[in-house]
Amino acid sequence: MPEFSKILIANRGEIAIRIMRAANEMGKKTVAVFAEEDKLGLHRFKADEAYRIGDGLGPVAAYLSIDEIIRVARDSGADAIHPGYGLLSENPDLVDACERNGIVFIGPQAATMRALGDKASARRVAIEADVPVIPATEVLGDDMSVIKSQAAEIGYPLMLKASWGGGGRGMRPIEHPDELEDKVLEGRREAESAFGNGEGYLEKMIIRARHVEVQILGDKHGEIYHLWERDCSVQRRNQKVVERAPAPYLTQKQRETLCDLGRKICAHVNYECAGTVEFLMDMDTEEFYFIEVNPRVQVEHTVTEEVTGIDIVQAQILIAEGKTINEATGKANQSEVTLNGHALQTRITTE
């Protein structure tokens, strides 16, 4: 596969600029897209070329229009599309559209995304891969009496989770049966608004838990590395606020166990490119439970880059060009991916 000369970034703001920097350092041209409301956005001016999208669609729908993204990619002569995070980054329909138009999608295959991007489907993959999961329902239907019965079977307290997307959208803690109906409907509305899909499920809530995740890179040749873990337990309204790498409370044995579980799930689906496998650690039992896979780069990828010395975005691009994971990371094997020091990321909220 030839190297890319021009990459379109199907995103905006900070992550678009991050990808542009990586591409520029590799000598590749970049293409930005912007909604009318973002005409003064910095990402527009950081790119080599910029095109307005979504005439009349509004500031969010513009970036969710696959037709518009493909139109600009074709008109600009882009070889590849990088989706960043959020927006279309977990939408397999964009991957299919890229394939139909001879454009490389920098990310997992559509089939992998369909298996893992939906949290309910990802649970089934984890079970098949023999990775522990938290007791949960299947995707909820519309019959509230059935939902109440399913909730009672698992037992309160529960957590409602959206099947698609991330960022805490559609999540609701449910501590008592009399909260169930309102919170399920409320969570569905939020998920529908955020992701265009209101599907969700109920999961047993672990009261004393740490949130810890494993960074994965996989190539097109069947090789998968983990880049160790990040702790993201400090959260506000289910939104991560503080990220740390590595997780300071894990022993080396626990760290290796966790990272092997993350790698195991991704190996089960022949994962390509960057992804994150998220787990809850029960503080009382010290057991790990699979939560979900994010089949994309994450906001907090930078803390892993700091402690491993691997540029994850450049690795994504190289893997999409067909390079081996050895070539993409400069590491001959998994044992060469070592941790050096500690890194911390804190997010500023608009509150």
Side-chain angles (χ1 to χ4, degrees), residues 14-15 18 84-86 89-90 116-117 119 122-123 126 131-134 159-162 164-173 194-195 203-217 226-252 254-263 265-266 274-308 310 312-313 337 339-351:
E14 181 273 336
I15 186 57
R18 165 73 186 94
Y85 50 66
S89 64
E90 298 183 43
L116 296 177
K119 296 184 186 70
R123 279 178 55 85
V131 173
V133 297
I134 303 170
M159 182 66 81
L160 172 71
K161 291 191 172 180
W164 296 90
R169 299 288 194 275
M171 285 181 68
R172 295 290 186 279
F195 314 121
E203 186 177 85
K204 181 72 175 174
M205 191 192 302
I206 297 176
I207 303 299
R208 283 171 35 85
R210 295 188 188 274
H211 193 156
V212 60
E213 59 193 22
V214 180
Q215 176 68 58
I216 296 292
L217 280 176
H226 68 71
L227 308 190
W228 301 102
E229 85 290 348
R230 298 184 289 262
D231 170 70
C232 46
S233 301
V234 179
Q235 301 186 11
R236 164 77 168 146
R237 295 180 178 173
N238 303 313
Q239 291 272 13
K240 299 168 185 175
V241 177
V242 178
E243 304 280 350
R244 299 180 290 178
Y249 47 81
L250 294 182
T251 65
Q252 187 58 26
Q254 288 174 321
R255 176 169 290 115
E256 290 172 0
T257 297
L258 171 70
C259 293
D260 284 344
L261 289 174
R263 189 182 179 284
I265 291 175
C266 290
T276 300
V277 188
E278 303 201 3
F279 294 86
L280 285 184
M281 179 183 180
D282 189 320
M283 292 169 63
D284 297 317
T285 65
E286 297 191 345
E287 294 291 325
F288 296 112
Y289 294 100
F290 168 77
I291 309 175
E292 62 177 311
V293 177
N294 290 303
R296 53 176 170 79
V297 71
Q298 287 192 286
V299 177
E300 57 271 27
H301 72 280
T302 54
V303 294
T304 294
E305 291 179 325
E306 289 294 324
V307 296
T308 62
I310 294 171
I312 292 171
V313 176
V337 182
L339 293 168
N340 181 24
H342 291 260
L344 183 89
Q345 178 193 88
T346 60
R347 304 190 197 179
I348 300 170
T349 70
T350 52
E351 290 178 307

Close side-chain approach of Met283 and Arg210, heavy atoms under 4.5 Å: yes
Can you give me the closest heavy-atom contact between Thr304 and Thr308, atom names plus distance? O-OG1, 2.7 Å
Arg244 side chain reached by Tyr249 side chain, heavy atoms, under 4.5 Å: yes
Scanning both residues in full, the closest heavy-atom pair of Ala247 with Asp231 reads CB-CB, 3.9 Å
CD of Glu203 to CD1 of Ile134, rounded to nearest 0.5 Å, is 4.0 Å
Do you know which two heavy atoms are closest between Thr302 and Gln345, and how far apart they sit? OG1-NE2, 3.0 Å
For side-chain contact (heavy atoms from CB on, under 4.5 Å), just list the numbers for Glu278 and Tyr289, CA-CA rounded to whole Å, side-chain angles, deciding distance to a tenth of an Å, and then say yes or no. CA-CA 9 Å; Glu278 303 201 3; Tyr289 294 100; over 6 Å; no
From Phe279 atom CZ to His211 atom NE2, the distance as rounded to the nearest 0.5 Å: 10.0 Å
Quick one: pull up CG in Leu261 and CD in Glu229 and give me the separation to the nearest 0.5 Å. 12.5 Å
Member of Gln298, Glu300, His301 meeting the side chain to side chain contact (heavy atoms under 4.5 Å, CB included) criterion with Glu243: Glu300
Can you find a pair of side-chain heavy atoms, one from Lys204 and one from Ile206, that are under 4.5 Å apart? no
Do Pro132 and Phe288 have side-chain heavy atoms sitting under 4.5 Å apart? no
Report yes or no: does Glu292 contribute a side-chain atom to a donor-acceptor pair with the main-chain N or O of Ala122 at less than 3.5 Å? no
With no hydrogens and no angle check, is any side-chain donor or acceptor of Gln215 less than 3.5 Å from a backbone partner on Gly275? yes
CG (Leu258) and CE (Met281) are apart, to the nearest 0.5 Å, by 9.0 Å
Hey, are the side chains of Arg230 and Lys240 touching, using non-hydrogen atoms and a 4.5 Å cut-off? no
Return yes when atom CG of Asn340 has more than 12 non-hydrogen atoms of other residues, nucleotides or ligands closer than 6.0 Å, and no otherwise. no
Closest non-hydrogen contact found for Ile15 with Gly84 is CG1-CA, 3.8 Å
Work out which heavy atom in Val277 is nearest to a heavy atom in Gly262; give both atom names and the distance. CG2-O, 3.7 Å
Polar side-chain atom of Asn294 near backbone of Arg296 as donor-acceptor pair, under 3.5 Å: no
Spatial distance of atom OG1 (Thr276) from atom OH (Tyr85) [nearest 0.5 Å]: 12.5 Å
Between the CZ atom in Arg263 and the CG atom in Leu227, the distance rounded to the nearest 0.5 Å is 11.5 Å
Heavy atoms of Val303 and Ala343 approach each other most closely as O-CB, 3.6 Å
Determine whether a donor-acceptor pair (N or O, by modelled atom type, separation under 3.5 Å) exists between the side chain of Arg18 and the backbone of Val299. no
